[in-house]
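Because the structure is a prediction, the values reported are computed rather than measured. Whatever order the structure lists them in is the order used to number ligands and atoms, beginning at 1.
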Amino acid sequence: MNPVVVERPGTVKLAVLPPLALYVHIPWCVRKCPYCDFNSHERSGALPEDEYIQKLLLDLENLLPSVWGRRLTSVFIGGGTPSLFSPASIDALLSGVRARLTLEPGAEITLEANPGTVEAARFRGFRDAGVNRISIGVQSFDDRMLGKLGRIHSAGEARKAIDAALASFERVNVDLMYGLPGQDVSAAAADVESAIAAGAPHISAYQLTIEPNTVFFNKPPALPAHDACADMQVMIEQLLHKKDFEHYETSAFARPGQRCRHNLNYWEFGDYLGIGAGAHGKISLPGRITRHEQAKQPSAYLKGDPIREVEIPARQLPFEFMLNALRLVEGFPSTLFQERTGLPFTVIQQNLEKAEQEGLLERDLQRIRPSERGKRFLNDLLERFLP
Ligand code: SF4
């Protein structure tokens with residue numbers, strides 16, 4: 001493997017700044033799921049909604065000097081379970097965001113919701129607050145699986161939540177998981193078919209992995225073998241392809257016009273402000289690219305622990321870019337590397353050639369994309385770009 005060599009570390013020259021998005025983290029859930037390694041915390045009692053919204057807006061104000069004059073292309077309110085917040089709180093949040101930053105016309109505004117925490121009136125309230133896309137954490141339509149995953153909802157509640165979301169929103173994502181304890185390929189197919197039948201125009205399918213600091217890490221359930229999971233992945237891709245879903249990112253499938261613009265901005269190495277407990281952001285300035293990070297624990301965050309900001313070393317940028325862009329099934333335009341990292345294309349030329357020779361990558365004059373083999377062995381492909 002050829003390590004990526006950046007001749008003059010610290011030399012980043014960005015001719016244009018990328019699109020700017022906003023991520024808002026709401027860290028509470030009704031119950032912590034045993035597989036979850038997100039920054040999510042079981043709620044105890046009433047949530048400090050007003051206090052938290054005020055703190056989010058204060059964060060935004062603190063970050064404004066680094067993005068003066070720039071417009072937001074999308075907002076994503078994720079968690080945790082943001083649908084635990086009332087529509088009035090989401091309205092206060094989005095009004096506060098608009099008072100501080102201009103949103104592009106038609107900007108995508110997504111809110112994550114979990115079945116069991118939403119009903120039709122609540123969805124209407126979120127829509128009236130300005131949300132125009134909903135992402136629902138369904139995971140499975142099999143009650144037994146939902147029980148094993150420690151989810152608080154049933155398959156019936158998941159279907160009701162999707163119906164209610166589709167009554168208020170044209171753009172709805174359903175999150176599914178596969179490779180679940182005791183699951184086989186036909187059970188995974190049944191979940192995908194249920195999501196299609198429920199009318200979801202966007203489906204995300206993630207393989208269950210066991211992460212450190214989770215209940216499953218200490219008490220691992222028996223998961224399907226690696227080959228069975230690979231078969232499930234192929235089946236999901238084929239099934240959704242047959243139903244006219246475009247597979248546009250490793251785990252994301254969309255009907256035409258339904259691709260998630262906020263996530264596309266991450267994968268295209270765009271910029272984003274991150275506000276809320278544990279949120280991360282990435283901001284490009286003409287001569288450097290920085291990351292910022294907020295205090296993880298909600299209590300420390302609310303107390304006002306300062307935002308940490310670091311510059312991303314230039315030698316790390318090729319890997320960080322590829323980590324995102326190579327998730328895109330159609331790859332990326334060759335010009336995007338220099339545009340987003342501010343580094344000359346020559347710093348990755350050798351590694352690209354090597355990956356191409358190994359059959360992990362395909363290139364033409366316009367685009368660079370992972371090959372079928374590269375998609376299956378994405379980690380091997382990414383290793384080529386480590387600093
Ligand atoms: S609902 Fe989602 S964020 Fe909350 S604990 Fe479960 S997996 Fe994690």
Reported CZ-to-NZ distance for the pair Arg384 and Lys354, which is rounded to 0.5 angstrom: 6.0 Å
Let me check something: any side-chain donor-acceptor pairs from residues 215-239 under 3.5 Å, sequence neighbours excluded? List them with distances.
{"unit_1": "Gln233", "atom_1": "NE2", "unit_2": "Glu237", "atom_2": "OE2", "d": "3.4"}
{"unit_1": "Glu237", "atom_1": "OE1", "unit_2": "Arg376", "atom_2": "NH2", "d": "3.1"}

Subset of ligand 1 atoms that lie under 4.0 Å from at least one heavy atom of Gly80: 3 (S)
Non-neighbouring partners of Arg261 that pass side-chain contact (heavy atoms from CB on, under 4.5 Å), sequence neighbours left out: Glu108, Arg171
Gap between atom CG of Leu101 and atom CZ of Arg70 - 0.5 Å precision: 10.0 Å
Partners meeting side-chain contact (heavy atoms from CB on, under 4.5 Å) with Leu166 (sequence neighbours left out): Ile162, Val172, Pro201
Approximate separation, where rounding is to 0.5 Å, of Tyr248 OH and Leu264 CG: 5.5 Å
Within-2.8 Å protein N/O/S contacts of atom 6 (Fe) of ligand 1: Cys33 SG
